[in-house]
Amino acid sequence: MNEKQIGQIIYKEEDIQKRIDQLAKKIDQDYIKKEPILIGIFKGSIYFLSDLSRKLNIEHNIDFLSIGRFRSTDGLSEKIKITKDLDISIRNREVIVIEDIIRTGLTHSYILKNLKPRRPNSINLCVFLNCEEQRLVDLPIKYSGFELDNRFVIGYGLDYEEKYRNLPYIAEFTE
Amino acid sequence: MFLITISRQTSSLGDQIAQELADKLGVQLITRDYVIEKWLPEIADDHALHMLKETSKYYLKTANNGITYKDYIVKRLKEKVEKESLVILGLGSQVIFQDYAHAVHIKVISSNMYRIKRVMDKYNINREQALRSLDLSDRKHRRYVYRLFNQDWEDISLYHLSLNSDGLNITEAVNSIIHLLEMKKENPMPLSETKCSKNQKTNMRENIDFVHESEKDFSEILDMHNIKWEYEPSEFPLEYDAEGNVILGFRPDFYLPEFETYIELTTMKQKYVTEKNKKVKLLKELYPDISINVVYKKDYKKLLERFGINSINDQGDQDE
């Protein structure tokens with residue numbers, strides 16, 4: 001691990017856990033007897049999802065989606081596509097999409113557009129880091145861990161070149 | 001939840017493919033016979049049922065419930081598709097559900113040589129009789145789709161996939177359709193929208209005179225995410241002179257109709273950014289219901305990096 005790249009710690013481990021306690025309590029209240037499906041978006045959300053899930057008292061399911069890019073059939077442009085689809089049907093279910101960070105919201109608008117035709121009862125977003133000031137499109141973010149400005153951060157699922165995801169805190173990335 | 005529509009030439013094995021497909025997927029197959037036997041008796045007497053079997057023109061007549069037989073079938077099909085996955089054979093379903101994101105539309109064809117042989121074997125008739133029978137049947141199918149839906153049954157753009165059963169057995173055809181269905185589940189999109197995107201999106205960028213390369217790149221990012229956009233569609237008057245003429249206006253770069261949001265890119269020199277910020281502020285004051293988001297140079301660069309688009313040639317030198 002190149003420690004020089006790990007800058008100032010923005011959210012300490014205990015702050016993170018405390019905040020997730022609060023989010024879990026809120027979700028417990030909102031989804032009582034509703035057995036929601038938590039959908040984690042690979043790979044960034046895995047730490048947040050697993051901590052959040054273990055703190056929830058309500059019954060719930062877990063599934064994962066993965067998004068990738070591929071060249072379109074005309075060969076001229078690239079497209080976003082789902083590279084790992086859900087294993088569980090979300091029809092008539094309450095869905096909470098769990099994400100590590102949301103900046104512009106473009107990718108998440110794609111995810112919602114993909115999930116909505118599957119006819120869930122509801123879809124809400126639960127994001128660990130919400131970069132409101134970079135948002136380009138409105139999203140139904142119901143639960144937000146922390147607000148973040150436009151700094152590039154690592155840790156707790158967030159990576160730089162696939163490294164630093166396992167840091168238990170959020171730190172600024174320094175080149 | 002999915003829908004597969006199968007349109008087929010007579011004796012092209014389309015009926016058998018549809019049946020095996022439904023069996024394999026464990027869903028119901030809806031055919032014309034099913035509709036005539038189960039649904040139409042609810043609104044048609046014996047004479048009407050006879051006429052419906054004979055001529056497609058009769059589907060446009062008003063039934064005793066006040067709507068046409070065609071509209072009744074469309075309504076019942078849509079209700080069923082709302083509730084369960086289905087395979088539908090014929091009935092103009094490729095047209096009825098062309099806007100349905102979870103539908104896969106298949107056409108099954110076969111060469112005359114194979115079709116004639118199948119009809120000769122099935123009905124024990126000679127070649128000439130078989131050819132005539134096929135001709136009549138194909139004409140009937142074509143007329144049904146044209147009369148009821150004003151579409152050419154043979155227009156291949158109505159289908160995701162055309163299968164020639166000359167070179168495929170039923171199992172191979174069924175597996176091909178299931179494979180396509182699996183792929184479409186990942187990226188559901190109505191066929192009509194796909195057609196539109198083919199014509200529009202690639203051409204759209206080529207035909208638009210973007211003021212800056214950065215705007216073209218941004219349109220690429222939007223297309224990448226399947227987000228509909230319009231380039232500089234509206235100008236908002238901001239200041240007027242004493243005679244009411246507009247002396248200052250603002251035309252945001254993009255409009256995203258699905259989000260009712262305008263996007264303005266600011267990838268140029270700081271002095272212009274300040275000027276633009278003033279315009280955005282004024283716009284928000286004068287038009288509080290308008291949603292506008294501004295992308296600043298630094299964020300824009302990061303956005304391009306994230307999506308692997310690297311043509312922002314440090315356009316600090318860009319002026320507007």
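Only a predicted model underlies this, so the values are computations on that prediction, with no experimental measurement involved. Residue numbers start from 1 in every chain, and the chains themselves are labelled A, B, ... in the order their sequence lines are given, proteins ahead of strands.
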Original post:
Ignoring hydrogens and geometry, is there a side-chain-to-backbone donor-acceptor pair from B:Lys302 to A:Asn150 under 3.5 Å?
Top reply: yes

Subject >> Pairing residues for A:Gln22 by the side-chain hydrogen bond (donor to acceptor under 3.5 Å, both in side chains) criterion, not counting sequence neighbours >> reply: A:Arg19

Original post:
So do the side chains of B:Asn226 and A:Ile80 get within less than 4.5 Å of each other, counting heavy atoms only?
Top reply: no

**OP:** Walk me through it: do A:Leu106 and B:Ile221 pass the test side chain to side chain contact (heavy atoms under 4.5 Å, CB included)?
**Re:** CA-CA 9 Å; A:Leu106 294 176; B:Ile221 292 173; 3.7 Å; yes

**OP:** Find the distance between CZ (A:Arg103) and CG (B:Asp299) and round it off to the nearest 0.5 Å.
**Re:** 8.5 Å

Subject >> Heavy-atom side-chain proximity of B:Phe254 to A:Leu136 below 4.5 angstrom >> reply: no

**OP:** Sort B:Glu260 into side chain, backbone, both or neither according to what part of it lies under 4.5 angstrom from a heavy atom of chain A.
**Re:** neither

Original post:
Any chance the side chains of A:Ser109 and B:His225 put a donor and an acceptor closer than 3.5 Å?
Top reply: no

**OP:** Supply the atom-to-atom distance B:Glu84 CD to A:Arg91 CZ, rounded to the nearest 0.5 angstrom.
**Re:** 10.0 Å

**OP:** Mind checking the CZ-CG spacing from B:Phe259 to A:Leu139? Nearest 0.5 Å is all I need.
**Re:** 7.0 Å

Original post:
Using non-hydrogen atoms only, which part of B:Ile292 is less than 4.5 Å away from chain A: side chain, backbone, both, or neither?
Top reply: neither

**OP:** Among A:Leu65, A:Thr107, A:Ile111, single out the residue with the greatest number of heavy-atom pairs under 4.5 Å to chain B.
**Re:** A:Thr107

Original post:
CZ/A:Arg135 to CG/B:Asn293 distance, rounded to the nearest 0.5 angstrom?
Top reply: 9.5 Å

